[in-house]
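Notes for the one structure printed next.
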Amino acid sequence: KEQGYTESQLKKQQEILTTGSFHGYQDPPRTRLRLDEDDRPKISLWGILKSMIGKDMTKMTLPVSFNECTSLLQRVAEDMEYTDLLDQAALCDDSALRMVYVAAFAASEYSSTINRIAKPFNPLLGETYEYCRPDKGYRFMVEQVSHHPPVGAALAESARWDYYGESAVKSKFNGRSFDINPLGTWYLHIRPVNGDEEVITWKKVTSSVVGIITGSPVVDNYGDMIITNHTTGDECKLKFKQRGWYGSGAYEVFGTVTDKSGRPQWSVGGRWNDKIYGRKFQSDTESVLVQLSKEVEGSAADGTLKRVNTSSSTSKKQSAISSAVTQTLSGPNPPFLVWQNHPRPPAPFNLTPFAITLNAIPESLRPWVAPTDTRLRPDQRAMEDGQYDFAATEKNRLEEKQRARRKQRELEGSVHKPRWFVKSKHPITKEEYWRFNGEYWRTRENMGRKSMDAKA
Ligand code: CLR
């Protein structure tokens with residue numbers, strides 16, 4: 001776009017374009033489902049879960065009305081909603097400031113979990129899902145590489161960055177809360193304007209459904225995330241606060257970016273359901289940044305911050321924070337807005353506008369999409385159209401077929417081999433990871449051309 005690309009950025013962009021990745025994506029993303037509102041029967045979560053204490057999600061059979069019309073593969077694609085932050089990170093020439101944008105990206109991934117108390121469809125073994133955004137310059141694909149335990153391997157690429165990792169979770173209903181612990185490491189390669197490619201990693205924090213017994217379930221995301229830049233030695237310790245009694249501390253996130261010698265450089269913080277701010281490090285910024293995300297309207301673009309609602313609270317602590325905020329705003333290192341959540345208009349299954357775009361299959365895309373793509377699953381399509389009974393029978397049929405294939409493999413003594421990823425040892429972290437075999441986009445291009453020719 002406006003900014004010039006570096007050589008390595010151009011090389012990646014050429015690769016994305018010459019393999020035809022954007023073929024079929026000429027239509028603008030979908031803005032609504034066929035349904036205006038989902039009318040799933042409202043059944044008490046506790047009523048159904050109370051007999052499943054100690055179980056993990058894969059061992060729970062739940063009525064389809066507890067599902068939403070997305071799959072776990074598409075939930076991984078939801079990480080792509082705020083990739084603008086990664087583009088911005090690549091444009092910073094201070095590697096520690098880059099980490100502020102990366103931290104905001106890692107936290108932004110949680111904004112979509114709000115009000116989504118529903119089970120995504122479990123992908124079938126070998127199922128794939130691709131999602132491209134020519135307007136944003138990225139391509140994404142994910143494959144279900146294991147069924148027991150469920151594991152998805154994903155890779156997103158764009159001129160300025162690549163993002164990849166393994167989506168695998170350990171889940172358990174312990175009677176009070178339903179906890180989901182992600183296991184895999186996520187990798188980000190950034191190609192900054194002023195230097196060589198950098199490798200950054202982090203692990204996702206715990207997601208947890210709380211308030212099940214009281215009948216007002218909410219999703220909380222909490223824990224410590226350590227984001228490491230293996231190339232420069234910068235690090236960000238990011239703490240997601242656990243929701244306390246009466247929702248105190250809910251959504252709050254705060255972290256400090258340190259350089260390779262451990263000196264703090266930047267603060268980053270706010271709330272993952274709303275806004276995240278950055279600021280040149282000085283001691284005692286947590287309360288300020290979190291408070292800002294609650295009461296200030298600002299824009300990073302023109303560097304101005306406007307305070308909209310000076311605290312009306314009377315408590316001493318509150319007014320102390322309030323005056324700290326006032327001082328900060330007029331001080332030498334004013335905070336700047338890094339990320340802001342997109343609006344969430346009412347939608348079926350409480351999907352975000354971004355999530356609504358995921359399962360669309362316009363005519364232009366049909367010839368290009370792989371036969372294994374989630375978009376072709378009839379059960380999910382039926383769910384999206386509000387045909388819940390049909391969704392349930394189709395889901396059973398597909399899962400029966402999957403079980404039969406598994407039996408067949410057992411009889412033959414063969415094992416399933418993922419089509420697009422290979423298990424390898426990572427050169428930087430030395431951990432096992434799923435390496436993309438590089439074949440998906442070319443194969444897609446060849447198959448797509450064939451089916452276009454057949455139509456002509
Ligand atoms: C969180 C971000 C991770 C990928 C991921 C995997 C599993 C998802 C989880 C995310 C969000 C919460 C989630 C979970 C599976 C089930 C759970 C959707 C997206 C829901 C809230 C559980 C609902 C309770 C049922 C019993 C109805 O990168």
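As the structure is a computational prediction, the values presented were derived from the model and not from experiment. Start at 1 and go down the list; that is how both ligands and their atoms are numbered.
- Close to ligand 1: S207, with a non-hydrogen atom less than 4.0 angstrom away.
- W186 and D79 share no side-chain donor-acceptor pair at under 3.5 Å.
- Using a 4.0 Å cut-off between heavy atoms, S167 makes no contact with ligand 1 at all.
- For P182, the heavy-atom gap to ligand 1 stays at 4.0 angstrom or more.
- With hydrogens left out, the protein atom closest to atom 11 (C) of ligand 1 is R75 NH2, 3.9 Å, a heavy atom.
- Annotation: atom 17 (C) of ligand 1 to nearest protein heavy atom, I180 CD1, 3.7 Å.
- Proximity of atom 4 (C) of ligand 1 to the protein is not indicated, since no non-hydrogen protein atom lies closer than 4.0 angstrom.
- For H230 and T201, the side-chain atoms include at least one donor-acceptor pair closer than 3.5 Å.
- Using modelled atom types and a 3.5 Å distance limit, the side chains of Y187 and T429 yield a donor-acceptor pair.
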Kindly list each side-chain donor-acceptor pair under 3.5 angstrom involving residues 121-129, sequence neighbours excluded, with atom names and distances?
{"from": "E127", "atom 1": "OE1", "to": "L124", "atom 2": "N", "distance (Å)": "2.9"}
{"from": "E127", "atom 1": "OE1", "to": "R377", "atom 2": "NH1", "distance (Å)": "2.9"}
{"from": "E127", "atom 1": "OE2", "to": "T374", "atom 2": "OG1", "distance (Å)": "2.7"}
{"from": "T128", "atom 1": "OG1", "to": "T372", "atom 2": "OG1", "distance (Å)": "2.8"}
{"from": "Y129", "atom 1": "OH", "to": "L358", "atom 2": "O", "distance (Å)": "2.6"}

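- For ligand 1, the atoms lying closer than 4.0 Å to a non-hydrogen atom of L62 are 26 (C).
- Relative to the six-membered ring of Y25, R133 misses at least one condition, a distance below 6.0 Å or an angle of at most 45° to the axis.
- At least one heavy atom of L72 lies less than 4.0 angstrom from ligand 1.
- Residue N396 qualifies as enclosed at atom CG: its count of foreign heavy atoms under 6.0 Å is above 12.
- The protein non-hydrogen atom at the shortest distance from atom 2 (C) of ligand 1 is Y110 CE2, 4.4 Å.
- When only non-hydrogen protein atoms are considered, atom 20 (C) of ligand 1 lies nearest to A118 O, 3.5 Å.
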Enumerate donor-acceptor pairs with a distance under 3.5 Å from any side-chain N or O in residues 41-49 to protein atoms, sequence neighbours excluded.
{"from": "K42", "atom 1": "NZ", "to": "R40", "atom 2": "O", "distance (Å)": "3.4"}
{"from": "S44", "atom 1": "OG", "to": "W46", "atom 2": "N", "distance (Å)": "3.3"}
{"from": "S44", "atom 1": "OG", "to": "G47", "atom 2": "N", "distance (Å)": "2.8"}

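- For L45, every heavy-atom contact with ligand 1 shorter than 4.0 Å involves the side chain, none the backbone.
- Within ligand 1, counting atoms from 1 as listed, the ones closer than 4.0 Å to a heavy atom of R116 are 21 (C).
- Side-chain atoms of R75 and S167 include no donor-acceptor pair closer than 3.5 Å.
- Nearest protein heavy-atom contact of atom 16 (C) of ligand 1 is M57 SD, 3.4 Å.
- Residue V209 touches ligand 1 through its side chain alone, judged by heavy-atom distances below 4.0 Å.
- Judged purely by distance below 3.5 Å, without hydrogens or angles, the side chains of N229 and S95 never pair a donor atom with an acceptor atom.
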